[in-house]
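Only one structure is covered here, and it is reproduced in the block below.
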Amino acid sequence: MAITKEAVIEKIEVVGGWNVQVATDTVIKEDGTEISRSRHRHVLTPCTSSKDEDGKWTHTDTDISKEDAQVQAVCTAIWTDTVKSNYKSFRESQEV
């Protein structure tokens with residue numbers, strides 16, 4: 001009886017022009033037959049933003065190096081310099 005566990009990216013979506021949503025299924029199989037499946041979702045944005053006490057913004061690019069190659073490819077294609085600039089402007093227009 002062999003039990004295996006596998007992570008499978010089921011969906012990559014671009015929402016709002018810069019959010020990359022990733023749905024990953026964890027599949028458990030026994031002798032090649034699926035016995036369990038669960039889904040985890042996470043959202044990636046071009047950067048994280050913070051505002052200090054003096055009102056100065058700091059934007060740090062999101063590290064996607066540990067993401068699956070498919071996810072990295074989508075992020076790289078979507079997050080152009082223009083999209084990153086627009087996202088930073090959006091973040092700065094929000095209350096933090």
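Just so it is clear, the model here is predicted, and its values are computed rather than measured.
In this view, Thr48 and Thr60 satisfy the side-chain contact (heavy atoms from CB on, under 4.5 Å) rule, not counting sequence neighbours. In terms of the ring pair (Phe, Tyr, Trp, His ring centres under 6.0 Å) criterion, residue partners of Trp18 (sequence neighbours excluded) are, by chain and number, Tyr87, Phe90. In this view, Asp52 and Asp54, Lys56 satisfy the side-chain contact (heavy atoms from CB on, under 4.5 Å) rule, not counting sequence neighbours. Listed by chain and number, the residues in a side-chain hydrogen bond (donor to acceptor under 3.5 Å, both in side chains) with Ser65 are Asp63 (sequence neighbours excluded). Among residues two or more places apart in sequence or in another chain, the side-chain contact (heavy atoms from CB on, under 4.5 Å) test is passed with Thr82 by Thr80, Asn86. Glu34 pairs by the salt bridge (charged side-chain N to carboxylate O under 4.0 Å, His left out) definition with Arg37, not counting sequence neighbours. Take Ala73 and apply the side-chain contact (heavy atoms from CB on, under 4.5 Å) test, not counting sequence neighbours, and it matches no residue.
Under a 4.5 Å side-chain heavy-atom cut-off, the cluster of Ile, Leu, Val, Met, Phe, Trp and Tyr residues that includes Val8 is completed by Val27.
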Between Asp61 and Trp79, is the side-chain contact (heavy atoms from CB on, under 4.5 Å) condition met? List the steps. CA-CA 10 Å; Asp61 286 347; Trp79 294 343; over 6 Å; no
Is there a side-chain contact (heavy atoms from CB on, under 4.5 Å) between Ile12 and Gln70 once you walk through the steps? CA-CA 8 Å; Ile12 303 170; Gln70 295 173 351; 3.9 Å; yes
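Lys88 contributes atom NZ, which lies 11.5 Å from atom OG1 of Thr45 (distance to the nearest 0.5 angstrom). With rounding to the nearest 0.5 Å, the separation of OG1 in Thr33 from CD1 in Ile3 is 11.5 Å. Rounding to the nearest 0.5 Å gives a distance of 8.5 Å between SG of Cys47 and NZ of Lys84.
Here the shortest heavy-atom pairing between Trp57 and Arg91 reads CH2-O, 3.4 Å. Residues Ala7 and Thr24 approach most closely at CB-CG2, 4.1 Å, considering heavy atoms. Residues Val20 and Cys75 share a closest heavy-atom pair of CG2-SG, 3.9 Å.
For residues 23-44, the set of pairs meeting the ring pair (Phe, Tyr, Trp, His ring centres under 6.0 Å) definition, not counting sequence neighbours, comprises His40-His42.
Side-chain atoms of Gln21 never come within 3.5 Å of backbone atoms of Val43 as a donor-acceptor pair (strictly under, hydrogens ignored). Between the side chain of Ser49 and the backbone N or O of His59, no donor-acceptor pair lies under 3.5 Å. Remark: the backbone N or O of Gln72 is paired with a side-chain donor or acceptor of Thr76 at under 3.5 angstrom.
In this structure the side chain of Val22 never reaches within 4.5 angstrom of the side chain of Glu10, judged on heavy atoms. Contact of the Ile64 side chain with the Val71 side chain is not registered, since no non-hydrogen atoms from C-beta on lie closer than 4.5 Å. No side-chain heavy atom of Asn19 sits under 4.5 Å from any side-chain heavy atom of Val14. The shortest side-chain heavy-atom distance between Thr26 and Lys5 falls under the 4.5 Å cut-off.
Linking ILVMFWY residues whenever their side-chain heavy atoms come closer than 4.5 Å, directly or via other members, leaves Ile9 and Ile28 in distinct clusters.
A 6.0 Å sphere centred on CG of Asp31 holds more than 12 heavy atoms belonging to other residues, nucleotides or ligands.
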